[in-house]
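One structure is given below, encoded as structure tokens.
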Protein chains: 2
Amino acid sequence: MDPTDAAACSIARTLDVVGEKWTFLILREVFRGVRRFDDVRVATGAPRQVLSERLASLVDRGILRREPYREPGQRPRHEYRLTDRGFDLYPILIAMLAWGDRHLPAPDGPALRAAHRDCGADVRIALRCEAGHEVAALRDVVPRPGPGARRAQTVAGSSGSRV
Amino acid sequence: MDPTDAAACSIARTLDVVGEKWTFLILREVFRGVRRFDDVRVATGAPRQVLSERLASLVDRGILRREPYREPGQRPRHEYRLTDRGFDLYPILIAMLAWGDRHLPAPDGPALRAAHRDCGADVRIALRCEAGHEVAALRDVVPRPGPGARRAQTVAGSSGSRV
DNA sequence: GAGGCTAGGTCTGCTTGACAGACCCATCAA
DNA sequence: TTGATGGGTCTGTCAAGCAGACCTAGCCTC
């Protein structure tokens, strides 16, 4: 895949929207229900300017929406909530959580879990193909060119043997 | 979660390792079987200095390993291969691929697919809890504090109603 | 009305990383 | 020896991050 194809690659497009640390940390907080500017700022450690800009960008791109609210005795304020489109980013965060839990475990165990609402057990990523098969091993997932690929190149051909 | 807890959060730890665009793009290429410095450079468009530094960092952190090889008539070279630890990052990329396919589709369709080796069908992320339940909706995944959380705070308590 | 408080935003100057382009070094073949 | 080149490093410029300070607007109290 050369940069021409990279433009058609969904991973690259996703990265254009969320491919940096602060954005992911903000999404983590919003997923957890932390929605106010200063709460997010304290939780993530993001500088105000960075946070302000990222929140605006996420709203622009339809991932978050600003919801006005007002507590008695205070001025009107806004909180940030996920759109459906934003909610669909959750698997990325769950996958990151899983990788970190497994490969970079914290001494006291994780601070955050993703749990199944009904039974409370931890939620994990599973892989399934559209024909309905369980894909048990990551090595059973292979990259293939899709319809938007521009060259007739074999994906794994150019650098020798398989992954 | 304040920055103290953030240090125990697996998402943040994962982001410390892979939380930026170039790293993900490099991983995409290596997952696809593109392993040589210049091939990765051309495919990702990364400047040499960035690529060199990121590759070294991924090797340092045990995600990639450098494998020497030598083609007849050429000097010794290295290619970059995934470690098992690196391979476990695949679900993150698959989740990104899915999000991009769905929310930012390319006009000609995706350039890259993740396919099931045995049957060729597209692989997708599914969610399952450790008690064995299928988690059909993302909204059935709820954040919970884990054992490493430092405060007795309720996760969703501080900003009002649920996500 | 004035004054105080503060949530969220903006500004300034400094630091750090990205980036383009150039250069460098080591290994091979002729 | 020379020439080619893969992978790396260097230099100067630009852009973003960052700390700290400042600003504005809406509310309340006096």
Side-chain angles (χ1 to χ4, degrees), chain A residues 2-3 6-7 12 15-27 29-30 33-61 64-81 158-160, chain B residues 2-3 6-7 12 15-27 29-30 33-61 64-81 158-160:
Chain A
D2 62 27
L15 289 171
D16 279 343
V17 177
V18 296
E20 65 84 38
K21 179 179 93 166
W22 294 120
T23 302
F24 281 122
L25 289 174
I26 292 166
L27 290 171
E29 292 309 314
V30 180
V34 180
R35 302 193 187 85
R36 295 172 182 178
F37 187 98
D38 210 58
D39 293 341
V40 174
R41 182 187 67 79
V42 169
T44 59
R48 299 248 269 266
Q49 189 167 340
V50 169
L51 181 56
S52 177
E53 192 273 329
R54 295 291 191 283
L55 286 170
S57 172
L58 289 168
V59 171
D60 272 355
R61 293 163 179 247
L64 297 183
R65 63 181 203 276
R66 275 163 64 93
E67 192 92 14
Y69 76 97
R70 188 168 166 284
E71 293 184 5
Q74 294 191 19
R75 96 280 308 279
R77 298 170 68 183
H78 292 91
E79 58 182 26
Y80 295 87
R81 286 176 173 263
S158 66
S159 297
Chain B
D2 61 26
L15 288 171
D16 279 343
V17 177
V18 296
E20 64 84 40
K21 180 180 91 166
W22 293 119
T23 302
F24 282 122
L25 289 175
I26 292 166
L27 290 171
E29 292 310 314
V30 180
V34 180
R35 302 191 188 87
R36 296 172 182 179
F37 188 97
D38 210 59
D39 294 339
V40 175
R41 184 188 65 80
V42 169
T44 59
R48 299 250 266 269
Q49 188 166 344
V50 169
L51 181 56
S52 177
E53 192 274 329
R54 294 292 192 283
L55 287 169
S57 172
L58 288 167
V59 170
D60 272 356
R61 293 162 178 246
L64 298 181
R65 63 182 204 276
R66 276 163 62 97
E67 191 92 12
Y69 75 100
R70 188 167 167 282
E71 293 185 4
Q74 294 191 19
R75 94 279 310 285
R77 299 170 66 184
H78 292 91
E79 58 182 26
Y80 294 87
R81 287 177 171 260
S158 66
S159 297

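Predicted model, so just to flag it, every value in this text is computed and none were measured. Chain letters run A, B, ... following the sequence lines, proteins first and then strands; every chain starts at 1. The basis for the numbers below is simple: all heavy atoms, side chains too, and nothing from hydrogens, waters or symmetry mates.
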From CD of A:Glu71 across to C1' of C:dC5 the rounded distance in Å is 16 Å
Residues B:Arg54 and B:Ile26: closest non-hydrogen pair is CB-CD1, 3.5 Å
To the nearest angstrom, the NE2-P distance between A:His78 and D:dT24 comes to 20 Å
Sorted by chain and number, sequence neighbours left out, side-chain contact (heavy atoms from CB on, under 4.5 Å) with B:Gln74 holds for B:Glu71, B:Arg77
Classify the nucleic acid contact of A:Tyr69 as base, sugar-phosphate or nothing, counting any heavy atom under 4.0 Å across all strands shown. nothing
Could I get a table of every N or O pair under 3.5 Å where one atom is in the protein and the other is in nucleotides 10-12 of chain D?
{"unit_1": "D:dC10", "atom_1": "N4", "unit_2": "B:Gln49", "atom_2": "OE1", "d": "2.9"}
{"unit_1": "D:dT11", "atom_1": "O4", "unit_2": "B:Gln49", "atom_2": "OE1", "d": "3.3"}

ask   = Closer than 4.0 Å, any side-chain N/O of B:Arg77 to the OP1 or OP2 of D:dG7?
value = yes
Per-nt protein contacts along nucleotides 23-30 of chain C (heavy atom under 4.0 Å; B base, S backbone sugar-phosphate only, - none) come out as ---BBSS-
Quick note, B:Ser52 side chain, CB onward, closest among C:dA18, D:dG8, D:dC18 is D:dG8
Sequence neighbours excluded, the answer for side-chain hydrogen bond (donor to acceptor under 3.5 Å, both in side chains) partners of B:Asp38 is B:Arg41
With sequence neighbours left out, the residues meeting salt bridge (charged side-chain N to carboxylate O under 4.0 Å, His left out) with A:Glu53 are none
Keeping the roles fixed (side chain from B:Thr44, backbone from B:Val40), state whether a donor-acceptor pair exists under 3.5 Å. yes
Under-4.0 Å side-chain N/O to phosphate OP1/OP2 contact, B:Arg66 with D:dG8
yes
B:Gln49 meets the side-chain contact (heavy atoms from CB on, under 4.5 Å) criterion, sequence neighbours left out, with none
Any side-chain heavy atom of B:Val18 within less than 4.5 Å of one from B:Phe24?
-> yes
Those residues at least two apart in sequence (or on a different chain) that pass side-chain hydrogen bond (donor to acceptor under 3.5 Å, both in side chains) with B:Glu67 are B:Arg65
